[in-house]
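Following: one structure in structure tokens, then a few remarks.
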Amino acid sequence: MSAPSQNPAVVPVAKPAEVSAQAKSRDEAPQANELKKQAATTPQGGAAAPASKASALGGKGGGKGMNTMSPASGGTAAAAPKAKSAPAPPTSAAAIVEEGKKPMTAAARISATGSSLAKGVGAKAEPQAKPKAKAKMAAMSSRPLPRDTMGAAPTSVLNIVSGQPVPATQAGTSAYATSTVGPARTYAKSAAGAVNGEVPKAGPPAVAMGRALAAGRPAMQMVNGKPVTTITKKYQLVFVTGEVAPFSKTGGLGEAMDGLPIALAALGHRCMVISPRYDQYSEAWDTGYWGSVTMGGKQESVHFFHTYKQKVDYVFVDHPTFLERVNGLTGSKLYGPEWGKDFADNQARFAYFCKAALKAIQELPLGGAIYGSDCMVVCNDWHSALVPMLIHAEKSMTGWQNTKTAFLCHNAVFQGRFVCEEGLAQIFGVPERYIDSITFKMPLRIGKYNEKVSCVNTMAAGLRYCDRALTVSPSYAVECCTDPEKGVELESLFKLGKCTGILNGVKEGVSPSD
């Protein structure tokens, strides 16, 4: 990019040293020597007017490479010097790069600031909107619609809701059983006769008892005066996500991470959600844990806040790259200063988040015990897609042998595509072959007419190195594996991960039969 052009109507008077530099030609022509002598004796503002800065830089303010002399100097025009190449645009380590500047690579930021992460505030807070009045729904008749008017649910719909989840490549096999109601209602119905006291007859408690009965065990037993299910299979489940409602949310990802862990915890599993601390959440308290992760040979501090709600551990990664990024409440500006625009360091920012999440799993004691490696780690969308790759890279050296990972894709359009930078393996802390395995010739912005460059695809890391790829519905799983428009150039990796669709649930009870 050429330097910004100066105003052509203004010709600044240069210092004698500037005249000397401009007049010096390649072969030291006599005319140039004469000009050099004149420049040494002509005071600033004298008769000899040197070329403007714009012409010296080859800008629009003057002839490219020309050296203009005033007739009053009495000399002959000097030989034109060799045209200079346009200077490289200045670089910036800021979170929001100014127009005309180029964002620094993570390695360059380390050299300039000592950290791969950008410093300082990057965006203004959104104005606080006035709370909207709650809409009132008119009273509706509770009389059900006649069956001949409503019609029965199609078999394909029943399969999607109640069928056994299988990889998309096996859809339509006998594994897809058909039922007239969903599994939750089926379990609750089977447990209805065993429910007594204050135990709910619907929702996760009833489902847990129904599952116990289906396994041939008593529905529940009393422990310290409280009903406890006797279901045997209970797991440690860790959800790593860029957002979780009600703390942070831009869309469906935050909503899903609000509902799914709570529902699984109600079934008796031990659940933890790990997310960035974008704001000072009043319900979350300092854990007192301090550690560090290595990024490009430099240590980045790791600090956690925690709250326990509805039987779920919520852990928030506390770092200035999240907390200080917006001047005020973050709102929806989790990933950039405005919709469609990323923060300059998002690649390093969420690589740091993924590395910190592993620290929480392995080292953060919650309720007197760490989660450790005996757990299932569910990573959501590109923001946490590096976790399966990091665990895969460390399995031979550390205690991740018993850990299973799933990559849950909520929207395949947002893949975390970034220019392939030098030194990225050192930033991520993995061998170079891992970076090579997720580097593709793709456009940075999705679209077949956009220029293809060598880019690192963050979502590809989750799909390639997870134990199982998941999507939010069986039909979407099929589309991601077979439709280039829906898989967005990653169809082969969705197939590689045996992509399986599990339909997103809803908080209210819904039966697929009606």
Side-chain angles (χ1 to χ4, degrees), residues 117 236-265 270-287 289 291 293 300-326 329-336 342-343 345-364 366 370-371 375-388 390-391 405-411 414 416 458-459 462:
L117 306 172
Q236 293 192 125
L237 307 174
V238 178
F239 295 87
V240 188
T241 175
E243 57 189 79
V244 53
F247 303 98
S248 56
K249 184 183 75 170
T250 62
L253 172 58
E255 289 282 4
M257 290 299 99
D258 175 31
L260 181 58
I262 292 173
L264 290 170
R270 187 188 186 199
C271 295
M272 172 169 60
V273 179
I274 306 174
S275 189
R277 184 176 180 246
Y278 297 106
D279 292 301
Q280 298 187 32
Y281 306 130
S282 59
E283 299 173 72
W285 294 84
D286 193 337
T287 62
Y289 172 94
V293 294
E300 291 290 345
S301 65
V302 176
H303 186 213
F304 299 121
F305 278 66
H306 169 258
T307 188
Y308 185 73
K309 293 179 59 180
Q310 295 181 276
K311 299 184 179 180
V312 176
D313 288 302
Y314 292 90
V315 173
F316 301 100
V317 179
D318 178 50
H319 192 280
T321 194
F322 302 118
L323 189 62
E324 295 180 3
R325 191 47 56 90
V326 176
L329 292 178
T330 302
S332 62
K333 298 182 178 181
L334 308 181
Y335 315 119
D342 287 344
F343 289 122
D345 63 338
N346 267 356
Q347 184 178 41
R349 195 170 173 236
F350 285 97
Y352 162 79
F353 167 63
C354 292
K355 292 170 78 72
L358 301 189
K359 287 283 186 178
I361 297 170
Q362 285 192 322
E363 299 179 9
L364 182 63
L366 298 171
I370 62 172
Y371 274 69
C375 64
M376 175 76 187
V377 182
V378 182
C379 309
N380 297 268
D381 280 353
W382 77 263
H383 322 99
S384 54
L386 292 178
V387 168
L390 296 175
I391 289 177
T405 59
F407 175 72
L408 175 51
C409 175
H410 299 255
N411 191 338
F414 302 105
T458 315
M459 182 177 283

Using atom types as modelled and distance alone, determine if a side-chain donor or acceptor of S248 lies under 3.5 Å from a backbone N or O of V244. yes
If I compare all heavy atoms of A256 with all of P261, which pair ends up nearest, and what's the gap? O-CD, 3.9 Å
Can you tell me how far SG of C375 sits from CD1 of I361, rounded to the nearest 0.5 angstrom? 5.0 Å
Using ring centroids (six-membered ring only for Trp), state whether Y335 and F343 fall under 6.0 Å. no
Pair V240, M272 - check side-chain contact (heavy atoms from CB on, under 4.5 Å), show working. CA-CA 8 Å; V240 188; M272 172 169 60; over 6 Å; no
Taking H410's backbone N and O only, do any of them form a donor-acceptor pair with D381's side chain (distance below 3.5 Å, no angle check)? yes
Within the side chain of Q310, is there an N or O that forms a donor-acceptor pair under 3.5 Å with the backbone of I262? no
Step by step, work out the side-chain contact (heavy atoms from CB on, under 4.5 Å) result for K355 and F350. CA-CA 9 Å; K355 292 170 78 72; F350 285 97; over 6 Å; no
Determine the minimum heavy-atom distance between K249 and L334, stating which atoms define it. N-CD1, 4.2 Å
Is D345 paired with R325 through a side-chain N to carboxylate O contact shorter than 4.0 Å? yes
Go through the steps for H303 and D286 under the test side-chain hydrogen bond (donor to acceptor under 3.5 Å, both in side chains), then give the verdict. CA-CA 8 Å; H303 186 213; D286 193 337; 2.7 Å; yes
Is there a side-chain contact between H306 and W285 in this structure, where contact means two heavy atoms from C-beta onward sitting under 4.5 Å apart? no
Out of the candidates L260, D258, V273, only one should pair with V312 under the side chain to side chain contact (heavy atoms under 4.5 Å, CB included) rule; please name it. V273
For the pair R349 (side chain) and L117 (backbone), establish whether a donor and an acceptor sit closer than 3.5 Å, ignoring hydrogens and angles. no
Main-chain N/O of Y314 paired to T307 side chain as donor or acceptor, under 3.5 Å: no
Rounded to the nearest 0.5 Å, what separation is found between the CZ atom of R270 and the NZ atom of K311? 14.5 Å
Does any non-hydrogen side-chain atom of L390 lie less than 4.5 Å from one of L358? yes
Which heavy atom of M376 sits nearest to which heavy atom of A406, and what is that distance? CE-CB, 3.3 Å
Given the side-chain rings of F305 and Y281, with only the six-membered ring counted for Trp, is the space between their centroids under 6.0 Å? no
How far apart are the closest heavy atoms of L329 and D279, and which atoms are they? CA-OD1, 3.6 Å
Could R277 and F322 be counted as a cation-pi pair, given that NZ or CZ must be under 6.0 Å from the ring centre and within 45° of the axis? no
F304 vs F316, test: side-chain contact (heavy atoms from CB on, under 4.5 Å). Steps then yes/no. CA-CA 6 Å; F304 299 121; F316 301 100; over 6 Å; no
Please find the pair of heavy atoms, one from C354 and one from A385, that lie closest to each other, and give the distance. SG-N, 4.5 Å
Report yes if the side chains of F239 and L408 come closer than 4.5 Å at any heavy-atom pair, otherwise no. no
Would you check if the side chain of T330 reaches a backbone N or O of Y278 as a donor-acceptor pair within less than 3.5 Å? yes
Would you say Q280 has more than 12 foreign heavy atoms packed within less than 6.0 Å of its CD? no
So SG of C271 and CG of L264: to nearest 0.5 Å the spacing works out to 5.0 Å
How far apart are the C-alpha atoms of E243 and S275, what are their side-chain angles, what is the distance that settles it, and do they pass the side-chain hydrogen bond (donor to acceptor under 3.5 Å, both in side chains) test? CA-CA 6 Å; E243 57 189 79; S275 189; over 6 Å; no
Look at the side chain of N380 and the backbone N and O of L253, then say whether any donor-acceptor pair between them is shorter than 3.5 Å. no
Determine whether the side chains of T458 and Q347 contain a donor N or O and an acceptor N or O closer than 3.5 Å. no
Over all atoms of both residues, closest heavy-atom pair of I274 and A357: CD1-O, 3.7 Å
Between CZ on residue F353 and OG on residue S384, distance to nearest 0.5 Å: 6.5 Å
In the structure I gave you, are the side-chain heavy atoms of Q362 and I370 within less than 4.5 Å of one another anywhere? no
Evaluate side-chain contact (heavy atoms from CB on, under 4.5 Å) for Y371 paired with D313, printing each intermediate quantity in order. CA-CA 11 Å; Y371 274 69; D313 288 302; 2.9 Å; yes
Look up atom CD1 in I391 and atom CG in L386, then write down how far apart they are to the nearest 0.5 Å. 11.5 Å
Rounded distance (nearest 0.5 Å) linking atom SG of C409 with atom CE of M459: 4.0 Å
